[in-house]
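Inspection log for the structure reproduced underneath, given as structure tokens.
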Amino acid sequence: MVSGELRAGRLGPEERADTWKRLSGERFDLVVIGGGVVGCGVALDAATRGLRVALVEARDLASGTSSRSSKLFHGGLRYLEQLEFGLVREALAERELMLTRLAPHLVRPVSFLFPLTRRWWERPYVATGMTLYDTMGGARSVPRHKHLTRAGALRLVPALRRDALIGGIRYFDAQADDARHTLTVARTAAHYGAVVRTSTQVVGFCREADRVSGVRVRDCESGAETEIAAHVVVNATGVWTDELQRLSGERGRFRVRASKGVHIVVPRDRIVADSGLILRTPTSVLFVIPWRGHWIIGTTDTAWNLDLAHPSATRSDIDYILRNINRVLATPLTHDDIEGVYAGLRPLLAGESAETSKLSREHAVARVAPGMFAIAGGKYTTYRVMAADAVNAAAVDLPFRAQESITDKVPLLGADGYHALVNQADRLAARYRLHPYRVRHLLNRYGSLIHQVLALTDGRPDLRLPIAGAPDYLAVEAVYAASHEGALHLEDVLTRRMHVSIEYPHRGLDSARSVAELLAPVLDWDAETVEREIKVYAARVEAERDSQNQPSDDAADAIRSAAPDARPSVIEPVV
Ligand SMILES: Cc1cc2nc3c(=O)[nH]c(=O)nc-3n(C[C@H](O)[C@H](O)[C@H](O)COP(=O)(O)OP(=O)(O)OC[C@H]3O[C@@H](n4cnc5c(N)ncnc54)[C@H](O)[C@@H]3O)c2cc1C
């Protein structure tokens with residue numbers, strides 16, 4: 001492999017030092033605020049149109065909502081019921097594009113059973129929706145829906161109580177590791193020339209006459225500040241949109257409110273099933289989603305007005321999920337079955353309705369001031385369309401004509417060659433002395449970037465060993481997270497590059513020291529820093545566990561937000 005391939009889209013310590021100089025020394029066409037999927041999508045869209053782009057993220061890539069979703073690329077059956085046909089069609093087309101061309105290594109089909117509970121009308125009603133769902137997305141690479149009798153449905157999901165259904169319909173959607181997908185969008189943008197920098201918070205806006213002409217940023221590791229000059233600034237900060245608009249001193253064209261959604265994670269053997277589930281709840285739906293050796297179950301939908309960076313799950317949220325899933329399970333789940341819990345905030349465009357679950361998931365783009373745009377709303381699945389809309393809008397403030405969006409033709413890093421490598425998994429396994437199962441696991445996380453990952457183990461066979469306390473992951477994955485994937489703290493690795501924090505009942509504590517020691521040489525940590533990282537991570541886990549025993553959002557938030565931050569220099573809120 002040539003050295004260029006080894007560096008493709010690399011976000012390591014060397015690049016970090018270099019990007020700080022570039023941010024202050026160059027003039028950009030477009031600067032994007034926010035390293036969630038939308039901001040990373042905007043950076044990729046703009047870079048592949050030939051624009052000079054910078055993307056700054058206050059914390060870690062996907063540290064906001066984009067690592068805390070249900071992890072589905074879906075049209076949203078529920079939106080069909082709300083008659084949002086345009087939204088569903090668009091999302092299904094994106095699902096297909098991800099599965100086939102853009103991210104086949106990261107996105108894969110997932111089966112759901114819709115249990116039917118009412119005689120006569122329900123089957124034709126749901127089947128009409130499913131038929132629409134099957135046909136709306138055009139070409140499709142997931143199977144069509146299928147009707148099941150009660151016995152058939154129970155064979156697919158033996159965990160269900162016999163009296164919980166009278167039949168069922170099976171259908172397919174797609175799923176992805178959201179944090180890893182967002183990271184890969186960011187790295188692909190960097191590969192095409194975007195300057196991507198995390199731990200870099202926008203703390204002010206620069207102006208020339210009546211125009212926004214750039215942003216002032218703070219390095220959240222060192223506290224240093226500098227200015228970035230750009231023709232256009234795009235605010236893609238999700239639930240922080242209003243905060244950034246306040247900081248800019250401009251009146252926003254729309255407002256964004258936060259709705260909290262909680263998921264729990266339980267071991268796969270607690271629910272005997274060969275398919276996920278979608279269940280109706282009194283106000284929304286509940287998903288049971290297969291996630292490697294686990295099930296992810298969620299979600300809730302309640303207004304949230306507290307800490308935006310660390311939304312906390314309460315005992316009541318968890319009880320709500322358990323109550324709803326236990327309505328249909330033959331062997332109920334208990335609190336003791338829970339391996340992990342996470343909470344995220346939906347960035348919803350503020351509308352008339354008081355109930356957040358009825359607010360639209362559609363997105364909006366607005367020119368807030370000359371040289372400044374905001375994009376928000378939507379959902380994960382449609383990030384690419386949102387990004388293209390944002391750059392189309394922003395183009396009016398560029399001093400030249402921008403090219404059309406081409407991201408529907410730009411595979412993400414790791415997609416190229418993925419299918420061939422899957423077929424060659426046994427050969428790769430033999431070469432690196434790994435089990436073929438392990439190689440397939442790596443291919444589904446890194447695609448053809450697996451070569452970059454495994455090259456780090458040349459002469460270091462110890463890096464091919466599993467991580468202490470988290471045997472699903474290899475030591476080399478922690479090293480690669482810091483050397484290539486922009487991870488700067490223990491939390492970045494245990495929570496987003498891997499999901500140890502929700503997949504193991506110890507929530508990462510049993511792995512913290514060994515992972516910190518793997519990161520230390522790459523990130524130049526001394527012994528004191530290693531201890532601080534472990535302490536901060538442990539305090540966070542403890543605060544999350546405590547908050548999950550509290551009855552109310554206020555009580556949970558008070559505990560969670562008192563825990564120290566891995567990035568102490570982040571200003572929160574920024575205004
Ligand atoms: C519980 C839940 C389940 C969901 N499930 C699904 C699903 O299954 N499928 C689906 O399609 N969608 C789903 N969604 C919606 C989807 O996750 C979101 O729409 C999407 O992730 C939002 O991405 P974003 O980039 O707009 O925001 P974010 O990911 O929150 O990114 C915003 C970023 O801006 C950064 N930022 C803030 N202030 C500053 C500053 N001053 N300077 C620099 N950076 C800053 C933040 O740190 C953050 O990383 C779900 C959402 C939730 C909450």
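Throughout, numbering of the chain's residues begins at 1 and tracks the sequence. Counting starts at 1 for both ligands and their atoms, following the listed order.
In terms of protein heavy atoms, atom 50 (C) of ligand 1 is closest to Ser69 CB, 3.6 Å. Atom 19 (O) of ligand 1 has its closest protein heavy atom at Lys379 CA, 3.4 Å. Summary of contacts: the protein heavy atom closest to atom 16 (C) of ligand 1 is Tyr380 N, 3.5 Å. Counting protein heavy atoms only, atom 44 (N) of ligand 1 is closest to Ala58 N, 3.1 Å. From the protein, the heavy atom lying nearest to atom 23 (O) of ligand 1 is Ser66 OG, 3.2 Å. Given atom 9 (N) of ligand 1, the protein heavy atom at minimum distance is Leu72 O, 2.8 Å. The shortest contact between atom 51 (C) of ligand 1 and any protein heavy atom is with Arg346 CG, 3.7 Å. Looking only at heavy atoms of the protein, atom 31 (O) of ligand 1 is closest to Gly36 CA, 3.3 Å.
When only interatomic distances are considered, the shortest N/O to N/O separation between Glu57 and ligand 1 falls below 3.5 Å.
When heavy-atom distances to ligand 1 are checked against a 4.0 Å cut-off, Thr382 has no atom that comes that close, whether in backbone or side chain. Of the heavy atoms in Ile33, only side-chain atoms (C-beta onward) come closer than 4.0 Å to ligand 1. Of all the heavy atoms of Val38, the ones lying under 4.0 Å from any atom of ligand 1 are found in both the backbone and the side chain. Heavy atoms of Trp240 found under 4.0 angstrom from ligand 1 belong exclusively to the side chain. By the criterion of a heavy-atom distance under 4.0 Å, the backbone of Ala236, and not its side chain, is placed next to ligand 1.
Defined by atom type and a distance below 3.5 Å, a donor-acceptor pair is missing between the side-chain atoms of Arg207 and Ser213. Counted by atom type alone, Asp557 and His310 present zero donor-acceptor pairs between their side chains at under 3.5 Å. No hydrogens or angles considered: a donor-acceptor pair under 3.5 Å links the side chains of Arg346 and Ser259. A donor-acceptor pair shorter than 3.5 Å cannot be found between the side chains of Arg257 and Asn305. Side chains of Tyr380 and Thr182: a donor-acceptor N/O pair is present below 3.5 angstrom, by distance only. Using a 3.5 Å distance cut-off with no hydrogens or angles, the side chains of Arg78 and Ser284 do pair a donor with an acceptor. Counted by atom type alone, Ser552 and Asp554 present zero donor-acceptor pairs between their side chains at under 3.5 Å. Using modelled atom types, one finds a donor on one side chain and an acceptor on the other under 3.5 Å when comparing Asp178 with Ser69.
Nearest residue to atom 22 (C) of ligand 1 from Ser70, Pro347, Ser63, Ser199 is Pro347 (criterion: closest heavy atom). Distances from atom 42 (N) of ligand 1 to the heavy atoms of Leu244, Leu308, Val217, Val202 show the closest one on Val202. Here atom 30 (O) of ligand 1 lies nearest to Thr65 when heavy atoms of Ile375, Val32, Thr65 are compared.
Close contacts of ligand 1 with Thr237, meaning ligand atoms under 4.0 Å from a residue heavy atom, involve 32 (C), 34 (O), 36 (N), 37 (C), 38 (N), 39 (C), 45 (C). Near Gln201, meaning under 4.0 Å from any of its heavy atoms, are these atoms of ligand 1: 40 (C), 41 (N), 42 (N). Interface atoms of ligand 1 facing Arg68, defined by a heavy-atom separation under 4.0 Å, are 1 (C), 2 (C). Each of the following atoms of ligand 1 lies closer than 4.0 Å to a heavy atom of Gly34: 33 (C), 34 (O), 35 (C), 44 (N). Listed by number with element, the atoms of ligand 1 under 4.0 Å from a non-hydrogen atom of Gly261 are 1 (C). Annotation for ligand 1: atoms under 4.0 Å from non-hydrogen atoms of Val37 are 23 (O), 25 (O). Short contacts between ligand 1 and Lys71, defined as distances under 4.0 Å to a heavy atom of the residue, involve ligand atoms 8 (O). Per-residue contacts place Val56 under 4.0 angstrom from the following atoms of ligand 1 (heavy atoms of the residue considered): 43 (C), 44 (N).
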Candidate pair Phe373 and Asp397, rule side-chain contact (heavy atoms from CB on, under 4.5 Å), full reasoning: CA-CA 10 Å; Phe373 293 78; Asp397 278 346; 3.4 Å; yes
Candidate pair Arg49 and Asp45, rule salt bridge (Lys or Arg N to Asp or Glu O under 4.0 Å), full reasoning: CA-CA 6 Å; Arg49 292 186 200 218; Asp45 186 276; 2.6 Å; yes
Audit row: Arg496, Asp60, side-chain contact (heavy atoms from CB on, under 4.5 Å) steps and yes/no: CA-CA 9 Å; Arg496 286 174 290 275; Asp60 184 23; 2.7 Å; yes
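Put simply, CZ on Arg280 and CG on Asn324 are 13.5 Å apart, with the number rounded to the nearest 0.5 Å.
Figure legend: cation-pi geometry between Lys71 and Tyr342, with NZ or CZ positioned under 6.0 Å from the six-membered ring centre and within 45° of its axis.
Ion pairing between a basic and an acidic side chain is recognised when a charged N comes within 4.0 Å of a carboxylate O; Arg497 and Asp177 show no such pairing.
For Tyr171 and Phe114, the gap between ring centers reaches or exceeds 6.0 Å.
Not a single heavy atom of Lys260 sits less than 4.0 Å from an atom of ligand 1.
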